[in-house]
Amino acid sequence: MQRIVAAFGVASLFIALSSSAENTFQGRVLTKGTRVPLKSVNITILPHKIRVQTDEQGNFKTEAIPEGPFQWIVNVTNFERFEQADVSTSEGTGPASRTFYVLPKQTFVYETVVTAKESNDDSRRTLNVKKAMALPGAAQDPVRAVQNLPGINRPQGFSSQVIIQGSAPQDTRYQIDGHEVPIIFHFGGLSSVVTPELLESVDLYTAGYQSNLGRAMGGVIDLQTQTPDKERWKGMAFVDIFNVGAAAEGPIDDESSLSFGGRYSYIGPVLGAVAKASDSFNLTVAPTFSDLTAIYARNLSNNARFKVVATGSRDVLEFVTNSGFGNDPLLRGKFYNETAFFRLIPQVIWEHSKVSESRFSLGLGRDWIRFEVGDQYFSLKNYSLTARGQHKRELIPEIWSSTFGFDHRYNYADVGIVLPVVFSSGGVANPLSTGEPRRAELQGVRNHSVGIYWNNEVRLGKQSRWTIWPGLRFDRYTAIKKNTLLPRLSAKYQLRNDLFLKAGSGIYSQAPQEGQVSSTFGNPNLNPQQSIHATFGAEKDLSESLGTGSNLYSGVFSRWFDQLVIPNQSTIYSNDGKGRAYGWETLFKWDYNPWFSWLSYTLSRSTRWDPSKPEYLYNNDQTHIATAIVGYQLPRRWKISSRFRFVSGVLITPVLGGTYDSDNDVYLPIRGATFSERQSPFMMLDLRIDKEWVFDTWKMSFYVDIQNVLNRANVEGQQYSFDYSQRQDVAGLPILPTIGLKGEF
Amino acid sequence: MKKYLLFFLVSLTACSDSTLPRYTVLNKLRVLALVADIPEVNFNGAAFTDTITFTPWISDLYGNGRTLTHSFEWCMDPGVALGAQATCSGNPSRTVEFTDQSIATTATYATPNYTGAVSSFSVNLAAMNAGTLALVQAAFAASTAEKKYNGLAFLFVYTVKAGASESVTTIKRIVYSGAAKATKNSNPTTLTLQRNGSEITSLPQVGETFSGVWSSSDQENYLTYQADGTLIQQTEKNELTWFISSNTNSECDIDPDCTTDGYFQFLRTKLGEGNFYNPPGTAPTGRKISIIGVLRDKRGGLQVKPYYCAGPGGSCAATP
């Protein structure tokens, strides 16, 4: 019995000793799915009420935890509560290791618009790329989401161009990191030319933009590339019914990082399968596009940063119609269109001091554009050099800062053209067959455009509610040997903490298109086209009353156009056109989780006139442009959102009949009053459903983006019978579901 | 241009089925060609010596022999290629040759086919009125050497009317160039439409490839004066348009798959290209199938070659 008691006593002592044994733990707390470290996060260990905190890298280390079962608790704002049972034992030689993946709460990601906070250009609206990608109808492309903003029109006819506030499509300039590129969208505007995951933001500059930008009467769309992640490697790959793509980014060493990505579209084979089998129409290579982008960033020193962006894009469309079109004998045979470009954009930023900064960047590249219709062609092989530089200095602290800069563009091109000069008026062109045939083979065509600007930001006192931005820009157009001097002024007044009034005005110029000043195809004596902008608006932050991120913008704009290039029967082109565009636009955003809504509306009018025509409505006059977006977040990481767009129909010039041209075997159109007939309005309802699965070290998302849910036949153009006696509308894309799958790590 | 390409692509694929009338199907009042026996005339800066004879080719298959009238006028080309309206109205050099005259029927344009050449008419440029000639002389004198060599143009406007509501207006330009251009343009003359390597004498009963054949000499070499003063030689690339009568005056207008007097695969062909012909099941009643080939050199030179065929397997001839 004593032995038994003794044995029990020893066992009890052992147990007692064991239970008083303890162990330590170390590990990391990471975001589930993306592995982003969570810093300064409190970890609670129950029931011992031990608390530890993660460091900058998300690492933690506990004190000794008594042996036995216990529970980890991680509670972080905007993350799901993390709980995990564990056991502390005295076995082992060192601290036990743990990694916790904490699931972020599902939130709506539509905080897309940031209005000019960094550049202080109140004409600018910035779309946050990662958030804009998830908008319905955007099909994962943030640049397409630009059309949700007020004042943005869409041209008719499958165009990928963007019309800003009643100006012409060619009045919009496209840039990547401030350097001009020939296109911003692939064919038909289906997707932009840079992998969205490698973009930081999409900046849209509308009426009244400041003097650091120029040579565009309408506005500017600038894609800002990201700086690759310096913390960790991450990547993504996606596939949908039109594209496949991938991107990756991460650190190379402590000071540098790299990202790269690309996409390839197989829309050609998809469309080819849809195209009717026909002896007379062969879709040989049609249409395909691809793009590749790589970004390298490096900290040169504590106050100097370097980044280089290499990006290229290629679109090819080719088909053969053996039969040809009755409307035009020249439209027969091979149709070929290729647009490709490459840019290398090195950029350096020096922060000399807290009050002084310099930026310099180059855009080195080539453009290839080739267009063939039967025996006719246009070929451009262009070397492009663009340069931007500016120095900013705060001259009087908190009162006056000033920026001097330049913006240069140089092209060296070989151009081959065998095309007729065809008359076009009111959007109705004569058949190619009736034009005067012209031929030109030009080697080494040079074209400089130089802009010099001076921007200022002035506060009228340290406590003043007024801020003004006076600026001046000088542009030199060497192709036409003309200069323009362009003053600009904008101002902001803080009426209350949550209410700002804004105004801006300035003069803007733009060179005629290069073909228009050709001595063979145009008029080399043209002047720059000019426009005066004026804007006034108010922006109210509604965060307190309606929820974080809710706000309302409302404003008016007006543009006067002068010296517009128009067709001329004796000189081919002249500067006799004038015009005006004005309107009211508003953007209301309401963000109240799990709901999100967005409403933008523009009421506008755009007119043109010239000596031969009294004032008439311009074909891109779209009285009403309305976009409504509503989203709702469902449980289990499902989201559903929808967009409805309404745009007044575009104006066309009716064709009253035709005159038979016996020499060319074709009818010439007899035009009615210019842009006197309005087409039916454009209406489209889009629907998007997202589902996300989050795993510890990666996540996968699936989306269905259905465009034109109602399958409305929106008019995108007109076809005429050979003698113009009958007309038929060409409908836009029918209901178009895009199904995509994306994996990220 | 890319926009137009996309427009064509999409309109040719799934989004839009064209139901518009086909160019080469003849079932309403049409002018197929206005042939001038001299497509380019010489001008020495002072006077003309040529008389030009014009022959209109007309189809009005379902007009049932209704009375057609025609009008003809001409003027100095106001710049139609550069967008000027194709009319002589208001033009100081306007010369009206005749207005609303009844068209005289001919052996080819006659019952029951109503498709062929109608009676010709002439314009004697040498007899141009003094005021018009002065305008022409002034314009020529003010022209560059390039223009004088390559030529300026007269615009001839020909209008055919069927009653008050239906009309077709046709234009034709006749180039007048200086004496430095020794060789003027001329009409092609050797066109034949063939099957099995021989000119058509009958129609097949099943589908078969036809071809338009012309001598390579019909594709003339010509010189063009460049702005820099040099001359470059070019060669005409003639193109043949295939017209065919229709067995209906209505439905075929809008239904591409309906039965016609047969149909050709292509609207137009170049030298050496074939054109598949699919004949109808039966011959048309009371008339012949009209197949009209119009060859153009794209500089104003024209040749028209008609064939009138008695249905599938039936014989064909150049006259009805």
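A, B, ... follow the sequence lines: proteins, then strands. Residue 1 opens every chain. What you see below is based on every heavy atom in this structure, not just the backbone, and it leaves out hydrogens, waters and symmetry mates.
Side-chain atoms of B:Tyr23 and A:Asp723 include no donor-acceptor pair closer than 3.5 Å.
By the 4.0 Å N-to-carboxylate-O rule, A:Asp665 lies close enough to B:Arg268 to be salt-bridged with it.
Considering CD of B:Glu239 and CG of A:Asn664, their distance stands at 11.0 Å, rounded to 0.5 Å. Here the straight-line distance linking atom CD1 of B:Ile171 with atom OH of A:Tyr660 works out to 10.5 Å at 0.5 Å rounding.
Around the NZ atom of B:Lys147, the shell of radius 6.0 Å holds no more than 12 heavy atoms that belong to other residues, nucleotides or ligands. Within a 6.0 Å radius of NZ in B:Lys184, more than 12 heavy atoms belonging to other residues, nucleotides or ligands are found.
Considering only heavy-atom pairs separated by less than 4.5 Å from chain A, the leading option among B:Leu32, B:Val168, B:Val80 is B:Leu32. Highest contact tally toward chain B, considering only A:Ile369, A:Asp661, A:Ile572, A:Val422, is held by A:Asp661 [criterion: heavy-atom pairs under 4.5 Å]. If you tally non-hydrogen atom pairs under 4.5 Å between each of B:Thr170, B:Thr159, B:Leu302, B:Asp297 and chain A, the highest count goes to B:Thr170.
Heavy atoms of A:Phe378 lying under 4.5 Å from chain B are absent altogether. If you measure heavy-atom distances from A:Asn430 to chain B, the contacts under 4.5 Å come from the side chain alone. With a threshold of 4.5 angstrom between heavy atoms, B:Arg299 does not approach chain A through any atom at all. In this structure, no portion of A:Ser425 lies under 4.5 Å from any heavy atom of chain B.
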Exercise for review: For A:Ser433 and B:Lys298, run side-chain contact (heavy atoms from CB on, under 4.5 Å): C-alpha distance rounded to whole Å, both residues' side-chain angles, the deciding distance at 0.1 Å, then the answer.
Suggested key: CA-CA 9 Å; A:Ser433 314; B:Lys298 303 181 186 174; over 6 Å; no
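Contact annotation: the side chain of B:Thr87 never approaches that of A:Thr659 to less than 4.5 Å [non-hydrogen atoms, C-beta and beyond].
The backbone N or O of B:Lys172 lies less than 3.5 Å from no partner atom in the side chain of A:Asp663, so there is not a single donor-acceptor pair. With hydrogens and angles disregarded, a donor-acceptor distance shorter than 3.5 Å links the side chain of B:Arg296 to the backbone of A:Ser662.
Residues that satisfy the side-chain contact (heavy atoms from CB on, under 4.5 Å) test with B:Thr224, not counting sequence neighbours, are B:Asn150, B:Tyr222, B:Gln226, B:Ile232, B:Gln234.
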